[in-house]
Colleague: 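I have a structure I would like to understand better, so I am pasting it below and will then ask my questions one at a time.
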There are 2 protein chains.
Amino acid sequence: MNVTFNNRDPVYLQVVRYFKEQIATGSIIAGQEVPSRREIAASLKINPNTAQRAYKEMEEQGLIYTERNHPSRITTDQKILNSVREELILQAIDTFLESVKPINVPVDELLALVKEKYVANIEE
Amino acid sequence: MNVTFNNRDPVYLQVVRYFKEQIATGSIIAGQEVPSRREIAASLKINPNTAQRAYKEMEEQGLIYTERNHPSRITTDQKILNSVREELILQAIDTFLESVKPINVPVDELLALVKEKYVANIEE
DNA sequence: ATATTTGTACTATATACTTAATACACTTTT
DNA sequence: AAAAGTGTATTAAGTATATAGTACAAATAT
């Protein structure tokens with residue numbers, strides 16, 4: 001379990017995002033049990049209430065389900081699971097393009113820079 | 001004056017960013033007078049204190065300078081001015097790559113999507 | 001059966017950001 | 001000279017997020 005928090009977004013949303021990333025990469029799969037609220041709070045060093053809030057959010061988005069007083073599990077709804085990866089990528093691109101839009105960067109310059117930094121980033 | 005705020009970042013930082021974008025695109029130039037705190041607060045419908053905080057931040061970053069009781073002006077330091085565009089672009093790319101890094105998207109797929117969405121975004 | 005572990009709920013406090021309302025010294029305009 | 005517009009500063013209050021501490025019913029493990 002390896003989550004690096006930023007100070008910008010609410011922690012509970014960053015936790016949700018972490019699970020989405022795990023789903024997107026296939027690191028966690030349909031029906032799999034997720035850590036309890038208290039467990040994940042301890043391992044991420046966050047407050048159990050914050051963990052609860054994250055799980056509640058995931059439940060509302062249909063990512064996990066919970067049977068009364070049983071550990072929560074990743075949904076088995078393949079439709080939802082399959083959409084996660086695309087959702088994350090497209091949303092990242094959207095945010096990115098919105099942020100550079102006001103600067104009028106030519107597409108070629110932009111792609112070249114992204115490519116360059118992508119490679120550099122991997123090598124780190 | 002056309003600033004669209006999001007609810008994620010502090011308003012004063014979004015104002016700073018707006019001025020950086022204007023500098024990056026050459027819409028405002030070295031030595032140019034900027035609106036007074038009260039003026040920009042009125043036109044952006046934000047609190048004068050928030051405007052003051054944004055200007056104070058810009059002053060600390062060397063983007064504007066203020067002679068006692070005179071309207072603030074864009075710096076004439078070309079070194080600073082020239083670095084703004086690159087700073088904005090590289091920071092956007094950095095944030096973008098950080099956000100997709102955990103998903104392990106192949107560079108080709110990523111570039112293709114960025115290109116596709118870039119074009120689609122312009123046509124809007 | 002007892003203890004531990006589930007999920008869930010509630011109240012209180014701390015912090016960061018924003019807004020609100022003034023105030024003051026100095027410059028420019030009238 | 002008076003009025004309006006500069007930048008700057010201070011204090012107070014509101015909101016969202018995170019933390020802290022506690023509680024309870026139900027399931028599981030011992």
Side-chain angles (χ1 to χ4, degrees), chain A residues 1-20 28 31-77 95, chain B residues 1 3-20 22 28 30-77 95 99:
Chain A
M1 184 103 2
N2 198 9
V3 187
T4 55
F5 294 111
N6 64 56
N7 326 337
R8 224 170 46 243
D9 305 310
V11 170
Y12 79 96
L13 289 182
Q14 296 186 57
V15 173
V16 172
R17 185 185 170 79
Y18 169 75
F19 276 95
K20 287 187 177 179
I28 51 179
Q32 186 171 332
E33 208 172 87
V34 294
S36 77
R37 278 73 169 163
R38 290 169 178 83
E39 248 177 1
I40 203 168
S43 80
L44 297 183
K45 290 169 187 166
I46 60 176
N47 194 276
N49 294 333
T50 307
Q52 161 64 6
R53 188 158 184 192
Y55 277 32
K56 191 175 186 182
E57 177 70 24
M58 289 197 282
E59 190 122 28
E60 284 168 3
Q61 291 189 25
L63 294 172
I64 63 173
Y65 66 94
T66 311
E67 286 166 1
R68 189 170 174 71
N69 297 316
H70 283 260
S72 302
R73 291 181 174 280
I74 299 294
T75 184
T76 54
D77 185 335
T95 302
Chain B
M1 184 105 0
V3 186
T4 56
F5 293 110
N6 65 56
N7 328 336
R8 226 169 47 243
D9 306 311
V11 171
Y12 78 96
L13 289 182
Q14 296 185 57
V15 173
V16 172
R17 187 186 168 78
Y18 169 75
F19 275 95
K20 286 187 177 179
Q22 297 295 299
I28 50 179
Q32 186 171 331
E33 209 171 89
V34 294
S36 78
R37 277 77 168 160
R38 290 169 177 86
E39 248 177 2
I40 204 169
S43 80
L44 297 183
K45 289 170 187 165
I46 60 175
N47 194 277
N49 294 333
T50 307
Q52 160 65 5
R53 188 158 185 191
Y55 277 30
K56 191 175 186 181
E57 178 70 24
M58 289 197 282
E59 189 122 30
E60 283 168 4
Q61 291 189 25
L63 294 172
I64 62 173
Y65 66 94
T66 311
E67 285 166 3
R68 189 169 176 70
N69 298 315
H70 284 260
S72 301
R73 292 180 174 279
I74 300 295
T75 182
T76 54
D77 185 335
T95 302
S99 74

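Order of the sequence lines fixes the chain letters, A, B, ..., with proteins taken first and strands second; residue numbering starts at 1 for each chain.
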Colleague: From C:dG7, C:dT19, D:dG7, pick the nucleotide closest to the side chain of A:S72?
Modeller: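 Per side-chain heavy atoms of A:S72, the pick is C:dG7.
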
Colleague: Who passes side chain to side chain contact (heavy atoms under 4.5 Å, CB included) against A:R17, sequence neighbours left out?
Modeller: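 Only A:E21, A:L88, B:S99, B:I103 meet the side chain to side chain contact (heavy atoms under 4.5 Å, CB included) criterion with A:R17.
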
Colleague: For D:dG5, does either OP1 or OP2 sit under 4.0 Å from a side-chain N or O belonging to B:S36?
Modeller: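 So the side chain of B:S36 is outside the cut-off, no N or O lying under 4.0 Å from OP1 or OP2 of D:dG5.
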
Colleague: Closer than 4.0 Å, any side-chain N/O of A:H70 to the OP1 or OP2 of C:dT5?
Modeller: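 No, A:H70 has no side-chain N/O under 4.0 Å of OP1/OP2 on C:dT5.
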
Colleague: Give the rounded distance in Å between these two atoms: CD of B:E67 and C1' of D:dG7.
Modeller: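 My rounded result for the distance is 12 Å.
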
Colleague: Here's a test of your reading of the structure: between B:R38 and A:N47, which maps to the more 5' nucleotide of DNA chain D?
Modeller: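 Closest to the 5' end, via its nearest nucleotide, is B:R38.
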
Colleague: Atom CD1 of B:I46 and atom P of C:dA20: how far apart are they, to the nearest Å?
Modeller: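 One finds 11 Å between P of C:dA20 and CD1 of B:I46, rounded.
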
Colleague: Taking C-beta and beyond as the side chain, do B:I40 and B:F19 meet within less than 4.5 Å on heavy atoms?
Modeller: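 They are in side-chain contact.
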
Colleague: I want to check one thing: is the phosphate of D:dG7, taken as OP1 and OP2, less than 4.0 Å away from some side-chain N or O of B:R68?
Modeller: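 Looking at the OP1 and OP2 atoms of D:dG7, neither is under 4.0 Å from any side-chain N or O of B:R68.
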
Colleague: Ignoring hydrogens, what is the shortest heavy-atom contact between A:I64 and A:S72? Give both atom names and the distance.
Modeller: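 Heavy atoms of A:I64 and A:S72 come nearest at CD1-CB, 4.0 Å.
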
Colleague: Rounded to the nearest angstrom, tell me the gap between atom CD in B:E33 and atom C1' in D:dG5.
Modeller: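 Interatomic distance, CD of B:E33 to C1' of D:dG5: 12 Å.
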
Colleague: Quick check: do B:Y55 and B:T66 have side-chain heavy atoms less than 4.5 Å from each other?
Modeller: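 When only atoms from C-beta onward are counted, B:T66 and B:Y55 do not touch, as no gap falls below 4.5 Å.
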
Colleague: Starting at CD of A:E39 and ending at C1' of C:dT5, how long is that distance when rounded to a whole Å?
Modeller: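 The distance from CD of A:E39 to C1' of C:dT5 comes to 9 Å, rounded to the nearest Å.
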
Colleague: Side chain of B:R37 only, heavy atoms from C-beta on: which candidate in D:dT8, C:dT6, C:dT19 is closest?
Modeller: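 Between D:dT8, C:dT6, C:dT19, the one nearest the side chain of B:R37 would be D:dT8.
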
Colleague: For DNA chain D, which residues of residues 49-66 of chain A approach it to below 4.0 angstrom with any heavy atom?
Modeller: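 Within residues 49-66 of chain A, the residues near DNA chain D are A:N49, A:T50, A:R53.
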
Colleague: B:I40 has an atom CD1; how far is it from atom P of D:dG5, in whole Å?
Modeller: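 Taking CD1 of B:I40 and P of D:dG5, I get 17 Å after rounding.
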
Colleague: Check for a donor-acceptor pair, side chain of A:Q52 on one end and backbone N or O of A:R37 on the other, with a separation under 3.5 Å.
Modeller: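 Such a contact is absent between A:Q52 side chain and A:R37 backbone.
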
Colleague: When the distance from CZ of B:R73 to P of D:dT6 is rounded to whole Å, what number comes out?
Modeller: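 Those two atoms, CZ and P, are 13 Å apart.
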
Colleague: Please report the shortest heavy-atom distance between A:A51 and A:I46, naming the atom on each side.
Modeller: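 Between these two residues, the closest heavy atoms are N-CD1, 4.1 Å.
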
Colleague: Which of the following nucleotides, C:dT6, C:dT8, D:dG7, is nearest to the side chain of A:N69?
Modeller: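 The closest nucleotide is C:dT6.
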
Colleague: Run the side chain to side chain contact (heavy atoms under 4.5 Å, CB included) test against A:L13 and tell me which residues pass, sequence neighbours left out.
Modeller: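 Expected list: A:P10, A:E57.
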
